[in-house]
There are 2 protein chains.
Amino acid sequence: MTESIKSPQELQAQLRRRGLRLTAQREVVFAAVNELRHATPEQILNAVAEEMPGITLSTVYRVLDVLEQLGLVTHAHMGHAPMTYHAVDEHRHMHVVCEGCGAIESVDAATAEEFARTLSDVTGYDVDVTHMAIAGRCRSCASRSKA
Amino acid sequence: MTESIKSPQELQAQLRRRGLRLTAQREVVFAAVNELRHATPEQILNAVAEEMPGITLSTVYRVLDVLEQLGLVTHAHMGHAPMTYHAVDEHRHMHVVCEGCGAIESVDAATAEEFARTLSDVTGYDVDVTHMAIAGRCRSCASRSKA
DNA sequence: GTATATGCAAAGGGTTTGCACGGTT
DNA sequence: AACCGTGCAAACCCTTTGCATATAC
């Protein structure tokens with residue numbers, strides 16, 4: 001397992017390079033993203049709320065934005081559900097979301113490599129299969145909806 | 001080209017079967033979806049506004065909902081952009097959306113068939129690649145963002 | 001000391017909902 | 001008459017933004 005969790009020092013270095021500052025909020029949110037692996041802004045807020053009582057959702061959004069610009073974090077859209085953030089060190093992966101219960105399954109991006117290439121050829125677009133989730137129904141929701 | 005545009009009579013029959021009524025709004029919205037092929041609720045509203053001055057956006061949403069339950073229409077999520085509706089008689093297709101300018105490219109669902117099967121195998125989910133768009137960058141946005 | 005970050009609260013965009021009126025059956 | 005459908009307006013969820021204050025440097 002990669003020792004990928006950047007230290008606060010590393011984070012600070014990255015921030016400094018852009019004239020930005022290391023704040024307690026940034027430190028804590030960054031740690032939370034690394035720990036939670038997949039989380040919505042609200043989940044992150046809840047995760048850090050204990051450690052950092054006054055923090056607000058808008059700050060979480062803003063911090064995530066900064067971390068994303070630094071290339072430390074990315075987000076993916078999950079359909080109706082709020083977007084989820086994760087550390088970039090994770091293997092690139094796509095998400096399959098259950099339309100029934102919202103369960104999310106991660107799939108290695110390599111699985112889609114060939115498909116992505118085909119899509120790019122056909123459309124001329126630079127395709128990124130990881131940015132938006134793919135819809136589906138998990139087994140239990142699938143059987144339930146056979147009603 | 002398939003003569004797929006259901007007549008008002010057919011529409012009425014379908015509605016009746018469920019104890020629902022044929023209204024001017026339903027007729028007009030249904031026609032608009034068939035004509036526009038791909039449209040957001042708002043675009044549909046604009047399209048029918050002339051013919052049907054008083055109609056509101058919420059009515060459009062409700063009508064689309066009914067049409068969808070009747071199996072005449074489906075919708076797809078396009079990321080940030082509003083969802084688009086189209087008649088079910090269209091060839092099943094997926095959408096690739098440009099993150100830069102919002103341009104949408106349609107791709108025959110057959111292109112994704114094998115990939116979808118693989119995904120289903122891997123996840124156990126009943127996967128539907130058409131329901132959510134795939135992110136990408138169109139050629140012009142891709143070159144522009146090389147800056 | 002000065003520019004950047006935060007908290008708070010309000011705005012924003014898309015979609016849904018409650019309610020009373022109007023139209024079909 | 002009974003009920004479904006509509007218009008209107010407000011509510012909703014998630015995300016973004018403006019502004020004054022607090023903080024890192």
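We name chains A, B, ... by the order of the sequence lines, and we start the count at 1 in each one. Since we're looking at a predicted model, the values are computed, not measured.
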Take atom CD of A:E68 as the centre, draw a 6.0 Å sphere, and report whether it contains more than 12 heavy atoms from other residues, nucleotides or ligands. yes
Reading nucleotides 15-25 of chain C from the 5' end, what letters show protein touch, with B for base, S for backbone sugar-phosphate only, - for no heavy atom under 4.0 Å? BBBB----BBS
Expressed in angstrom and rounded to an integer, what is the separation of A:I55 atom CD1 from C:dC8 atom P? 11 Å
Under the side-chain contact (heavy atoms from CB on, under 4.5 Å) test, residues paired with A:L45 that sit two or more places apart: A:I55, A:L57, A:V60
Mutual orientation of the aromatic rings belonging to B:H131 and A:H80 [parallel < 30°, tilted 30-60°, perpendicular > 60°]: tilted
Is the distance between the ring centroids of B:H75 and B:H86 under 6.0 Å? no
Look at the side-chain heavy atoms of Ile, Leu, Val, Met, Phe, Trp and Tyr, link any pair under 4.5 Å apart, and say whether B:Y85 and B:M52 land in one connected group. yes
What is the 5' to 3' range of DNA chain D, first to last nucleotide, that sits under 4.0 Å from any heavy atom of chain A? D:dC14 to D:dC25
Can you see whether A:H77 engages B:H77 through a side-chain donor-acceptor pair at a distance of less than 3.5 angstrom? no
Write down the atom of A:V48, the atom of A:A32, and the distance for their closest heavy-atom approach. CG1-CB, 3.6 Å
Heavy-atom pair with the smallest gap, counting every atom of A:Q43 and A:L36: O-CD1, 4.2 Å
